[in-house]
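Here is the structure we will look at.
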Number of protein chains: 2
Amino acid sequence: MRNSRSDVVAAALRVLDAQGLEFCSMRRVAAELDVQPSALYHHVADKQTLLALMADEIVGTVDLGSEDPAGICADLRRALLGIRDGADVVATASAFRLGASAVEARLGELLGEDGARTLLLYVFGHAQSTQTQLQARELGVLADGPSPVELDASFARGVGIILDGVRAD
Amino acid sequence: MRNSRSDVVAAALRVLDAQGLEFCSMRRVAAELDVQPSALYHHVADKQTLLALMADEIVGTVDLGSEDPAGICADLRRALLGIRDGADVVATASAFRLGASAVEARLGELLGEDGARTLLLYVFGHAQSTQTQLQARELGVLADGPSPVELDASFARGVGIILDGVRAD
DNA sequence: ACCTGAACACCGTTCAAGT
DNA sequence: ACCTGAACACCGTTCAAGT
């Protein structure tokens, strides 16, 4: 046995973190494993499937034991920001498997379906925008804009607004 | 004068609506204009710039005169859903030019910055997810899931939750 | 100013064939 | 079961040259 499916996913996550989603091609993942591109298709149906598996891996670290929705959101955000372009990968992949995630189910128990959905969409959107901005800053494309600390605070305020709204229902 | 910049943007929007974002390549936009791919670069710096111009066109139809945030959100959603993959195009493009949009400014006047940002991220996220689901259903990939009417209602409830939260602040 | 033609360095995916 | 090698049908972008 040479490479397994999880070897492929792990390699893809390394390429993602090192090069970004734009350059996370099947060909580069194959190169990371010292293998021909066509070899990947023995482990994975197509690129979309691979991205979904990567998303599962990224979100899998979120602690669902907590009773505190704000805490779960913060942890989800940590997971999304923990790898380059992680928010993009997860947001795109989870748009397909609507409501299939354990995080959504857990938030649904705590807040109801509408609240959970609203909150999740906000967390993805904010994380995506945060990641884009931090990247633009690193590249020197963007000089101004909110600092990381301000982005953390703005995230927390947004979550607070939504949770207040859920309770006002 | 043969083609202008707005001819290029208009052609790109036609290709987008007919084929979707995945197939909205520079080469296909060029073909739509009966022109070589390289000719586009006389009008537009690169594909990203073209996508931003398309996003401006899509959002440009939103009525900002209203005093009602929920109405503006509904109108923005209408604009995003009015063209194939419109939500994706606008969400991606507007992540770059953070806060640069007139819609965000208008919502900011009515609700404050945090509320505006929270609401906008939700509208983009919900529209993106709606568009993905409706497309999957059309392709027969997805049989179950919420109907268009239920999606409209879920959108309105989410907006309501956020507006309640803003007021509870 | 606007466009052509040709080229460069890439993609995702398939498929027969090897071990 | 896992991989190679070669191919197919694409990409975005650049650049000299034409009108």
Side-chain angles (χ1 to χ4, degrees), chain A residues 1-56 84-85 88-89 92-93 95-97 132 135-136 139 141, chain B residues 1-56 84-85 88-89 92-93 95-97 132 135-136 139 141:
Chain A
M1 197 192 46
R2 293 181 256 185
N3 281 306
S4 72
R5 191 178 166 114
S6 34
D7 290 333
V8 172
V9 176
L13 287 169
R14 287 197 302 275
V15 173
L16 178 69
D17 203 37
Q19 330 237 40
L21 183 54
E22 187 187 356
F23 300 105
C24 188
S25 63
M26 297 299 271
R27 295 178 111 100
R28 291 196 190 208
V29 172
E32 171 78 17
L33 290 168
D34 274 311
V35 124
Q36 294 296 315
S38 49
L40 299 184
Y41 292 87
H42 197 267
H43 301 283
V44 125
D46 52 22
K47 190 181 182 181
Q48 201 188 138
T49 305
L50 178 54
L51 284 167
L53 293 169
M54 295 162 71
D56 286 343
R84 168 118 82 127
D85 291 336
D88 270 302
V89 171
T92 304
F96 259 93
R97 306 158 312 143
T132 311
Q135 252 171 244
L139 295 175
V141 181
Chain B
M1 199 189 49
R2 294 183 254 187
N3 282 305
S4 72
R5 191 175 165 119
S6 34
D7 290 333
V8 173
V9 177
L13 288 169
R14 285 197 302 276
V15 174
L16 178 68
D17 203 38
Q19 330 237 41
L21 183 54
E22 186 187 356
F23 300 106
C24 188
S25 63
M26 297 298 270
R27 295 177 113 100
R28 290 196 191 208
V29 173
E32 171 78 19
L33 289 167
D34 275 310
V35 125
Q36 293 295 316
S38 50
L40 299 184
Y41 292 86
H42 197 268
H43 301 282
V44 126
D46 51 23
K47 190 181 183 180
Q48 199 189 136
T49 305
L50 177 54
L51 284 167
L53 293 169
M54 294 161 71
D56 286 343
R84 168 117 84 128
D85 290 335
D88 269 301
V89 170
T92 305
F96 260 94
R97 307 159 313 143
T132 310
Q135 253 170 242
L139 294 176
V141 181

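Basis for what follows: all heavy atoms, side chains included, without hydrogens, waters or symmetry-related copies. Convention: sequence-line order gives letters A, B, ...; per-chain numbering from 1.
To the nearest 0.5 Å, the span separating CG on A:Asp56 from CE on A:Met54 amounts to 11.0 Å. Taking OG1 of B:Thr132 as the reference point, atom CG of B:Asp85 lies at 7.5 Å (rounded to 0.5 Å). Distance OG1/B:Thr49 to CG/B:Leu40: 12.0 Å, rounded to 0.5 Å. Once rounded to the nearest 0.5 Å, the distance linking CZ of A:Arg14 with SG of A:Cys24 reads 11.0 Å. Note: A:Asp88 CG to A:Leu51 CG = 10.5 Å, rounded to the nearest 0.5 Å.
Here the C1' atom of nucleotide C:dT13 and the NZ atom of A:Lys47 are 12 Å apart, to the nearest Å. Between A:Phe23 atom CZ and C:dC11 atom C1' the separation is 12 Å, expressed in whole Å. A:Met26 has its CE atom 12 Å from the P atom of C:dC11, to the nearest Å. If you measure from atom CG of A:Leu21 to atom P of C:dC11, you get 13 Å, rounded to the nearest angstrom.
C:dC2 and D:dA16 have their C1' atoms separated by 15 Å, given to the nearest Å. Spacing of C1' atoms, C:dA1 relative to D:dA17, comes out at 15 Å, to the nearest Å.
Nearest heavy atom pair, residue A:Val15 against residue A:Arg28, reads CG2-O, 4.0 Å.
Sequence neighbours left out, the pairs with a member in residues 4-13 of chain A that pass side chain to side chain donor-acceptor pair (under 3.5 Å) are A:Ser4-A:Ser6, A:Ser4-A:Asp7. Counting only residues at least two apart or on different chains, no salt bridge (Lys or Arg N to Asp or Glu O under 4.0 Å) pair has a member in residues 39-55 of chain A.
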Can you give the dot-bracket line for DNA chain D, using ( ) for pairs inside the strand, [ ] for pairs that cross earlier ones, | for pairs with another strand and . for unpaired bases, where Watson-Crick and G-U count if both distances are under 3.5 Å?
||.|||||...|||||.||
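Heavy atoms of A:Arg5 sit nowhere under 4.0 angstrom from any nucleic acid atom.
In this structure, A:Arg84 contributes its side chain and A:Leu21 its backbone to no donor-acceptor pair below 3.5 Å.
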Which atoms of nucleotides 3-9 of chain D (N or O only) lie under 3.5 Å from a protein N or O atom, and what are those distances?
unit_1	atom_1	unit_2	atom_2	d
D:dC3	OP1	A:Asn3	N	3.1
D:dC3	OP1	A:Asn3	ND2	3.0
D:dC3	OP2	A:His43	NE2	2.7
D:dT4	OP2	A:Gln36	N	2.6
D:dG5	O6	A:Ser38	OG	2.6

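In this structure A:Arg2 satisfies the salt bridge (Lys or Arg N to Asp or Glu O under 4.0 Å) test with no other residue, sequence neighbours excluded.
Of the residues in residues 6-18 of chain A, not one comes within less than 4.0 Å of DNA chain D through any heavy atom.
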